[in-house]
Structures are given as structure tokens and as C-alpha cells.
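Quick note: residue numbers are just sequence positions, from 1.
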Amino acid sequence: QVQLVESGGGLVQAGGSLRLSCAASGRTFSSYAMGWFRQAPGKEREFVARISRTGARTYYADSVKGRFTISRDNGKNTVYLQMNSLKPGDTAVYYCAATGSVLITTQARDYDYWGQGTQVTVSS
């Protein structure tokens, strides 16, 4: 089992920045690739970013590429999502997730463990 707890969400004006954190406990954190997803009201959960187990490889949704950066610190069992140039369309609950798959998967069904989510609201 892996327990994931997100933090860092909040209310920010358009153009602003936020940094989300996801702290992991339980089984070896470095055994899992990590992802960030988000879900806006009335919409399906969508992929945001993924990082490999070592942090060497990252992958982003087109909608956030160039604005968001995913990173991890295996010594602290934490994954981060730095979000810059935020837009109202980024408003959603953001979830971190862990997968044992080595494939670059953007599908929520391929992730094994999930956090409870943190709300990000971007005002115009």
C-alpha cells in the first residue's frame, strides 16, 4: 500500500503560480512512477503530468506543457507540481497518483494509488 497526501492548493489570480506537493508513505516510493491528474466540476478526470521512478523522464498534457513542471525528491518521498501562468481553465481538484507500470500511461485506470485531492481555483 502507498498512502498519498496532497497539499498546496488554493486560490490564485490568473497569471499566478502555485506549487503542489504530494507526500507518500508506505511501500518504497522510488518503485513507482508518479502522476498528477485533475478534475473540474462536471468533467472527467484528466491527465496533467507524469514522472518516471528516478525522475529522469517527464511527460505532460499539451494543455500544461511549458507552464507546469513535475519533479520528485525520492529522499523525501515527495512529488511536486510547479504551476506557473495559471489560467481560469486550470481550476480543478488536483490528484497525485502512483503507478507500478513502466509504460508512459496517461490513463487514470493504470494508476494504482490515489491521494484525496487538493483544490486549485484560478480567478480571472
Side-chain angles (χ1 to χ4, degrees):
Q1 283 283 353
V2 175
Q3 292 80 42
L4 303 172
V5 179
E6 302 96 335
S7 61
L11 173 64
V12 64
Q13 288 188 332
S17 298
L18 281 175
R19 187 195 197 201
L20 305 183
S21 299
C22 174
S25 60
R27 298 179 65 181
T28 307
F29 177 67
S30 59
S31 298
Y32 295 90
M34 299 297 296
W36 284 97
F37 288 76
R38 66 187 181 185
Q39 188 166 18
K43 295 187 177 181
E44 293 187 355
R45 191 167 299 190
E46 66 171 353
F47 169 80
V48 174
R50 178 194 183 275
I51 190 166
S52 64
R53 289 174 290 180
T54 64
R57 293 179 295 174
T58 57
Y59 187 76
Y60 297 92
D62 287 343
S63 59
V64 306
K65 200 172 296 183
R67 299 189 298 123
F68 290 12
T69 302
I70 188 171
S71 61
R72 68 189 295 163
D73 185 337
N74 285 347
K76 295 183 178 179
N77 284 6
T78 303
V79 62
Y80 305 97
L81 186 68
Q82 177 67 44
M83 305 185 295
N84 298 329
S85 302
L86 282 161
K87 306 174 181 179
D90 295 319
T91 295
V93 176
Y94 283 71
Y95 299 89
C96 72
T99 177
S101 173
V102 298
L103 299 177
I104 301 176
T105 176
T106 63
Q107 301 298 311
R109 63 175 179 267
D110 294 328
Y111 286 75
D112 305 302
Y113 303 101
W114 292 83
Q116 83 290 346
T118 185
Q119 176 70 48
V120 171
T121 302
V122 184
S123 63
S124 57

Quiz item: Would Leu4 end up clustered with Leu18 when hydrophobic side chains under 4.5 Å apart are linked, directly or stepwise?
Solution: yes
Quiz item: Of the non-hydrogen atoms in Thr54 and Asn74, which two are nearest, and what is the gap between them?
Solution: CA-ND2, 4.4 Å
Exercise. For Arg57, enumerate each residue passing the side chain to side chain contact (heavy atoms under 4.5 Å, CB included) test, keeping only those at least two apart in sequence or located in another chain.
Key: Ser52
Quiz item: Can you tell if the side chain of Val2 reaches within under 4.5 Å of the side chain of Phe29, non-hydrogen atoms only?
Solution: no
Self-check item: Within one Ile-Leu-Val-Met-Phe-Trp-Tyr cluster: Leu20 and Val12, side-chain cutoff 4.5 Å
Solution: yes
Quiz item: Any ion pair linking Asp90 and Lys87 (charged N to carboxylate O, less than 4.0 Å)?
Solution: no
Quiz item: What are the two closest heavy atoms between Ile51 and Ser71, and how far apart are they?
Solution: CD1-CA, 3.5 Å
Exercise. State whether the side chain of Thr91 and the backbone N or O of Val122 hold a donor-acceptor pair below 3.5 Å, judged by distance alone.
Key: yes
Quiz item: At their closest point, which heavy atom of Ala92 faces which heavy atom of Gln119, and how far apart are they?
Solution: O-NE2, 3.4 Å
Quiz item: Taking the six-membered ring for Trp, are Tyr113 and Tyr32 parallel (under 30°), tilted (30 to 60°) or perpendicular (over 60°)?
Solution: perpendicular
Practice problem: Scan Tyr111, Trp36, Tyr60 and name whichever one has a side-chain contact (heavy atoms from CB on, under 4.5 Å) with Phe47. | Solution: Tyr111
Quiz item: Within the side chain of Arg67, is there an N or O that forms a donor-acceptor pair under 3.5 Å with the backbone of Ser85?
Solution: yes
Practice problem: Please determine, by modelled atom types, if Thr105 and Asp110 share a side-chain donor-acceptor pair under 3.5 angstrom. | Solution: yes
Quiz item: So do the side chains of Gln116 and Glu6 get within less than 4.5 Å of each other, counting heavy atoms only?
Solution: yes
Exercise. Quick one: list whatever passes side chain to side chain contact (heavy atoms under 4.5 Å, CB included) with Lys43, sequence neighbours left out.
Key: Ala40
Quiz item: If you count the non-hydrogen atoms of other residues, nucleotides and ligands that lie under 6.0 Å from CZ in Arg45, is the total more than 12?
Solution: yes
Quiz item: Is any side-chain heavy atom of Ser63 closer than 4.5 Å to a side-chain heavy atom of Arg38?
Solution: yes
Quiz item: Is there a donor-acceptor contact under 3.5 Å from the side chain of Asn84 to the main chain of Thr69?
Solution: no
